[in-house]
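In what follows, chains carry the letters A, B, and so on, assigned in the order in which the sequence lines appear, proteins first and then strands, with residues in each chain numbered from 1. The figures here come from the full heavy-atom set of this structure, side chains too, leaving out hydrogens, waters and symmetry mates.
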Amino acid sequence: MQVYLDNSATTRLDERVFEKMKPYLTEKYGNASSIHFMGEENSLTLLKAKEQIGRILNCDHSNLIFTSGATESNNMVLKGVMRSNKDPEPSSGGGNHILVSAIEHPSILETAKQLKEEGFDVEYIPVDSSGVVDLTQIKKMVRPETLLISVMAVNNEIGTIQPVETIGAFARKKGILFHTDAVQAVPYKTIDIRGWNADFLSLSAHKFNGPKGVGLAYINRRVKIRPFMAGGGQEYGLRSGTHNLPGIVGMAEALRLAYEEQDEIVKKVSELSAYFWKRIQEEIEDVQLNGDLKNRNPNNLNIMFRRIEGEAILMDLSTKGICVSTGSACSSNKLQASNILKAIGLKDNDLNSNIRFTLGKFNTKEEIDYTVGALKETVARLRSFTPLK
Amino acid sequence: MALHYSKKVMEHFLHPRNIGEIKDHDGFAEVGNPVCGDQLGFYIKVKDGKLEDVKFLSFGCASNIATASILTEEVKGMSVEEAKKFDWNKVVKDLGGLPTQKVHCSILAVEGLKKAIEDYEKSKK
């Protein structure tokens with residue numbers, strides 16, 4: 001049996017999305033920037049996709065920029081905003097201070113590191129032991145020169161839902177720009193760009209059963225941003241490069257399906273993960289759920305299996321056909337344990353014993369039953385020879 | 001990040017040799033990698049200057065388990081003096097290679113064995 005429980009890494013493309021994309025790979029291959037009829041037809045398709053996405057995300061569709069994915073969007077927003085509004089004239093509203101949460105994805109944290117190297121004042125917002133950003137911390141950290149706050153909507157490792165509504169409202173009141181990386185939100189949390197007072201937002205289609213290699217950045221276009229890709233001037237000059245029309249059409253359809261079927265997906269995934277966690281707790285000793293139990297995406301179970309190492313658990317499960325992920329040091333190129341697990345205060349010995357299971361709409365109860373059986377064997381085997389007491 | 005473990009590594013990971021404790025051991029050592037947090041416990045039993053038995057316990061990744069496993073297989077029956085000169089490169093070679101970021105596992109395993117031998121030699125004096 002093959003069981004895919006790594007849906008926060010990527011998801012399977014929905015067949016219905018694939019069907020929508022196909023014509024744009026074969027017959028309708030015109031460049032959306034061309035002015036002949038093939039181009040014109042595709043530029044209308046592009047506009048329709050933006051309008052549709054704009055309605056779903058509750059935003060002005062003319063502020064939507066198509067990118068290759070959230071990594072690009074995050075880079076574009078953080079670097080674009082900071083570099084283009086640095087050392088401003090007095091009272092211009094610029095600054096050089098940026099706040100990012102300590103539990104962001106590497107595409108934010110590494111970008112922030114680069115900005116720091118360029119001389120920007122970068123600070124990290126801590127989280128509490130449940131893995132949630134605390135607004136009172138942000139209130140203490142903001143300064144007159146704070147230009148941008150970036151806090152993700154849902155954490156990718158422990159699934160904790162962040163209070164983006166209150167952070168956005170606070171930032172707007174203070175005149176600080178607010179960005180949120182919302183890649184893990186769809187379809188579990190409704191995205192409301194106007195309601196969240198977000199100036200910027202990032203998405204990747206492949207996280208919600210859409211195609212890889214396409215995403216978007218919502219950009220408040222009243223904010224000055226110098227593009228870092230020079231070229232044909234697509235996307236209001238903010239993102240040059242021929243439009244990935246099959247990808248864009250696929251993303252629009254995947255997003256539509258995700259929210260049209262939201263109730264159904266949330267119900268199914270919540271029930272499956274609750275069942276999964278209940279069985280693990282009942283049938284495997286010395287386990288712990290990392291991150292807030294209630295305030296989390298229903299698809300995420302980040303679980304500590306004490307006294308055994310995460311990469312070994314992952315590899316053992318992998319030989320049984322089960323795909324999961326881990327934040328253990330051994331699994332990373334840098335041999336460093338997960339920043340997020342450190343940020344929520346896990347002790348040294350516990351940092352490397354965690355597995356992230358992320359469910360999706362295609363998972364079944366049979367798959368969960370099979371996984372519990374396999375997991376029991378794996379954990380028992382590895383615990384049979386651990387030196388840890 | 002894909003690891004691309006060799007078949008041999010996976011085979012030793014899934015079926016580790018000489019795993020467990022030796023209750024009446026002649027030497028024991030526990031080593032840990034401060035970087036990645038892996039830990040190994042090595043037990044040796046010595047008879048007539050030879051490693052009659054070698055066993056280990058592991059809190060570590062697939063490569064940590066596999067390197068210790070193949071090492072115990074290779075040194076079992078070896079004279080203590082020979083075992084002290086054992087080169088970790090041989091472990092990497094005999095496993096059909098290790099991913100670059102995992103080479104340190106083999107160094108840790110050999111260090112564990114050598115410390116268990118030191119423990120034996122100290123207790124002998």
- Query: Atom CD in Q39(B), atom CG in N349(A): separation rounded to 0.5 Å?
  - Reply: 5.5 Å
- Query: chain A heavy atoms under 4.5 Å from E21(B): which part of the residue, side chain, backbone, both or neither?
  - Reply: neither
- Identify the two heavy atoms, one from N352(A) and one from G37(B), that lie closest to each other, and give their separation to 0.1 Å. ND2-CA, 4.0 Å
- Contact origin within D348(A) toward chain B - heavy atom pairs under 4.5 Å: neither
- For P16(B) and R381(A), the nearest pair of non-hydrogen atoms, with its separation, is CD-NH1, 3.6 Å
- Task: Taking atom NZ of K84(B) as the centre, report whether more than 12 heavy atoms of other residues, nucleotides or ligands fall under 6.0 Å from it.
- Result: yes
- Query: What residue in I65(B), L40(B), L14(B), N33(B) has the most heavy-atom pairs under 4.5 Å with chain A?
  - Reply: L14(B)
- Item | Closest contact, heavy atoms only, P387(A) versus S58(B) | CD-C, 3.3 Å
- Does the side chain of S63(B) reach to within under 4.5 Å of the side chain of M315(A), using non-hydrogen atoms? no
- Contact origin within L388(A) toward chain B - heavy atom pairs under 4.5 Å: side chain
- Heavy-atom neighbours of E285(A) CD exceed 12 at 6.0 Å: no
- Query: F385(A) ring centre to R17(B) NZ or CZ under 6.0 Å, with the angle to the axis within 45°?
  - Reply: no
- Task: Select one option (side chain, backbone, both, neither) describing which atoms of S328(A) are under 4.5 Å from chain B's heavy atoms.
- Result: neither
- What part of T319(A) lies closer than 4.5 angstrom to a heavy atom of chain B: side chain, backbone, both or neither? side chain
- Query: So what's closer than 4.5 Å to chain A heavy atoms on I19(B): side chain, backbone, both or neither?
  - Reply: side chain
- Message: For R383(A), which atoms come within 4.5 Å of any heavy atom of chain B: side chain, backbone, both, or neither?
- Response: neither
- Task: Would you mind checking which part of D38(B) comes under 4.5 Å of any heavy atom in chain A, side chain (CB onward), backbone (N, CA, C, O), both or neither?
- Result: side chain
- Quick one: SG on C61(B) to CG on L382(A), what's the gap to the nearest 0.5 Å? 11.0 Å
- Message: Taking OH in Y124(A) as the centre, count heavy atoms belonging to other residues, nucleotides or ligands within less than 6.0 Å. Is the count above 12?
- Response: yes
- Item | K50(B) atom NZ, neighbour heavy-atom count above 12 within 6.0 Å | no
- Supply the atom-to-atom distance F59(B) CZ to R306(A) CZ, rounded to the nearest 0.5 angstrom. 11.5 Å
